[in-house]
Participant: 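First the structure, which I've put down as structure tokens, then a few questions once you've had a look.
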Protein chains: 2
Amino acid sequence: MSLDHILLGMLRRPASGYDLKQEFEQGVRHFWSAELSQIYPTLTRLERQGLLKSSREPSAQGPERRVYRRTDKGRKELLQWLRGGPVMGKQRFAYVAQLAFLHEAGDLQATREFMERLREELRAYLDFLEVTEKDALAANPRPESWPEAEFHEYLCLRMGVTSIRARIVWCEECLTRIRARQRKVKKREAAK
Amino acid sequence: MSLDHILLGMLRRPASGYDLKQEFEQGVRHFWSAELSQIYPTLTRLERQGLLKSSREPSAQGPERRVYRRTDKGRKELLQWLRGGPVMGKQRFAYVAQLAFLHEAGDLQATREFMERLREELRAYLDFLEVTEKDALAANPRPESWPEAEFHEYLCLRMGVTSIRARIVWCEECLTRIRARQRKVKKREAAK
DNA sequence: ATGACCATGTAATCCGTTACATGATTCG
DNA sequence: CGAATCATGTAACGGATTACATGGTCAT
């Protein structure tokens, strides 16, 4: 399972299940996410397997927390996962499937509106990523000189920016082709 | 569930479970896939729900097949899914998570080799997509004039090409940054 | 006191994969 | 006759989501 390794990786510093969830909500979510109801049982299982150990600690605000730390065995397991090279999981894009089927949903105008809507959704997400990047660069604009961990995180953020931007370009390419096709249809109608 | 709608969409023409699996293996797989052991029960459930109906038909070669057709109710269900606008499913990229954690796996050279390997894997997939696109364009190089269904399929293929290409560009950007950082580290060592 | 947030968990269900099981047809 | 391909399914398991359940602390 991947979540095991993701959590092991995130536990570079001690954290509770709640903390880890927060992290998913913030940065890490560009590439992974999980619900608390999956995180808690996974953490207890990893502890049972000796990859983590936990201790109860008072919270600054709120009830007591259970804070997890990696064991040596846990760190080794993580390193082995990383040594295995890139894990290429299957990708599923429901909206691309929808696009493939849209030729049955009416005329080209439906497809056009679909792509316009998709572009706006992607744009909103890109805006968020770009603000994140700008904030990160504000303190020091040369990531090459940042600490190792932050440098690596920045490369991950770049993946988000690059890939969403490419998808927006794709939307625009599609819209151009759709408009060309719409003109062609109109012309044919006029010729009648 | 999305697979329900994907199958409904793929059943524009009558097909058996086996046929649908073949289709996943070929074109549709750029955005979705499923195992036979998931397809068969799903089809029987969709029939129970009145979205499909099936009939046994002799095969040109091999044993009898169970061929499914959409019912009116099935077509309506599909259209409703499409009318709901783009479905933005969660994306999970294990390899981006790995990259984020790689700063613990030794020196920068490990990250560099990871990215080189990733780039080669993406390149191989891009090659496949580009061959597919070339074949499609061979007969008629202007998709704007293709039949509706093929035009839509082509837009989907473009999504694959565009987004994989962008990821390769990202890999190269990362490698450039990594090399810059490696030079910086060397210089620091030399200064000692 | 009540609502927002901190904090941890369980239960039911669903989605998806891997493994298992069976048998017909066709080609060499 | 044996291997490849066509064809359909079931069973067991694991991964992930949704819903349920509980209770502490803090600010207004």
Side-chain angles (χ1 to χ4, degrees), chain A residues 1-8 11 14-26 28-29 31-49 52-68 81 87-94 97, chain B residues 1-8 11 14-26 28-29 31-49 52-68 81 87-94 97:
Chain A
M1 209 227 293
S2 273
L3 182 62
D4 292 28
H5 296 112
I6 304 280
L7 293 179
L8 283 172
L11 280 169
S16 68
Y18 195 86
D19 293 338
L20 293 164
K21 173 64 179 167
Q22 304 292 98
E23 238 190 280
F24 278 128
E25 301 296 297
Q26 289 155 25
V28 189
R29 78 160 145 172
F31 51 80
W32 211 271
S33 76
E35 298 305 316
L36 279 170
S37 57
Q38 197 192 357
I39 294 170
Y40 284 125
T42 303
L43 290 172
T44 56
R45 199 191 66 242
L46 291 174
E47 180 164 28
R48 250 198 346 263
Q49 293 171 346
L52 297 178
K53 60 178 163 49
S54 74
S55 58
R56 304 212 117 243
E57 289 179 20
S59 165
Q61 37 187 13
E64 250 196 343
R65 303 143 40 78
R66 179 170 294 280
V67 173
Y68 289 88
W81 183 58
V87 172
M88 313 292 283
K90 281 185 195 166
Q91 307 270 331
R92 276 164 184 184
F93 295 94
Chain B
M1 207 226 292
S2 273
L3 182 62
D4 293 28
H5 296 114
I6 304 279
L7 293 180
L8 283 172
L11 281 169
S16 69
Y18 194 85
D19 293 338
L20 293 164
K21 173 63 178 168
Q22 304 293 97
E23 239 191 280
F24 277 128
E25 300 297 296
Q26 289 154 26
V28 189
R29 78 162 144 170
F31 50 81
W32 211 271
S33 76
E35 298 305 316
L36 278 171
S37 58
Q38 196 192 359
I39 294 171
Y40 285 124
T42 303
L43 289 172
T44 57
R45 200 192 65 240
L46 291 174
E47 180 164 27
R48 250 196 350 260
Q49 293 171 346
L52 297 178
K53 62 180 162 44
S54 73
S55 58
R56 305 213 115 243
E57 289 179 21
S59 166
Q61 37 186 13
E64 250 196 343
R65 303 144 41 78
R66 179 170 293 280
V67 173
Y68 288 88
W81 183 58
V87 172
M88 313 291 284
K90 283 185 195 168
Q91 308 269 332
R92 275 163 186 186
F93 296 95

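Every chain is numbered from 1, with letters handed out A, B, ... down the list of sequences.
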Participant: Under 4.0 Å between any heavy atoms, over every strand shown, what does Arg92(A) touch: base, sugar-phosphate, or nothing? Just pick one.
Facilitator: sugar-phosphate
Participant: For Leu36(A) and dA21(D), what is the distance between atoms CG and C1' respectively, to the nearest whole Å?
Facilitator: 14 Å
Participant: Which whole-number value in Å describes the distance from Glu64(A) CD to dG24(D) C1'?
Facilitator: 11 Å
Participant: Starting from the C-alpha separation in whole Å, work towards a yes-or-no answer on side-chain contact (heavy atoms from CB on, under 4.5 Å) for Glu25(A) and Ser33(A).
Facilitator: CA-CA 7 Å; Glu25(A) 301 296 297; Ser33(A) 76; 5.9 Å; no
Participant: Heavy atoms under 4.0 Å, any strand shown: does Gln61(B) hit a base, just sugar-phosphate, or nothing?
Facilitator: sugar-phosphate
Participant: So, do Trp32(B) and Phe93(A) sit near enough that their side-chain heavy atoms are less than 4.5 Å apart?
Facilitator: no
Participant: Is the phosphate of dT17(D) approached by Ser37(A) (side-chain N or O, under 4.0 Å from OP1 or OP2)?
Facilitator: no
Participant: Between Glu64(B) and Arg56(B), is a salt bridge (charged side-chain N to carboxylate O under 4.0 Å, His left out) present by the stated rule, with each step listed?
Facilitator: CA-CA 7 Å; Glu64(B) 250 196 343; Arg56(B) 305 213 115 243; 2.9 Å; yes
Participant: Reading DNA chain D from 5' onward, which residue's closest nucleotide shows up sooner: Leu3(A) or Arg56(B)?
Facilitator: Arg56(B)
Participant: Are His5(A) and Val87(A) packed together at the side-chain level, in the sense that at least one heavy-atom pair is separated by less than 4.5 angstrom?
Facilitator: no
Participant: Tell me whether the side-chain N/O atoms of Gln38(A) come closer than 4.0 Å to OP1 or OP2 in dA16(D).
Facilitator: yes
Participant: Please report the distance, rounded to the nearest Å, between OH in Tyr18(A) and P in dG23(D).
Facilitator: 18 Å
Participant: On DNA chain D, compare the nucleotides closest to Tyr40(B) and Glu35(A); which residue's is nearer the 5' end?
Facilitator: Tyr40(B)
Participant: Looking at Arg65(B), does any N or O in its side chain come under 4.0 Å of the phosphate oxygens OP1/OP2 on dA7(D)?
Facilitator: yes
Participant: Can you see whether Arg66(A) engages Ser16(A) through a side-chain donor-acceptor pair at a distance of less than 3.5 angstrom?
Facilitator: no
Participant: NA contact type, Lys90(B), heavy-atom cut-off 4.0 Å: base, sugar-phosphate, or nothing?
Facilitator: sugar-phosphate
Participant: If you walk 5' to 3' along DNA chain C, what is the first nucleotide with an atom under 4.0 Å of a heavy atom in chain A, and what is the last?
Facilitator: dC6(C) to dT17(C)
Participant: Spell out, as yes or no, whether a donor-acceptor pair under 3.5 Å connects the side chain of Lys21(A) to the backbone of Glu35(A).
Facilitator: no
Participant: Do Ser55(B) and Glu57(B) pair up side chain to side chain, a donor and an acceptor below 3.5 Å, judged on atom types alone?
Facilitator: yes
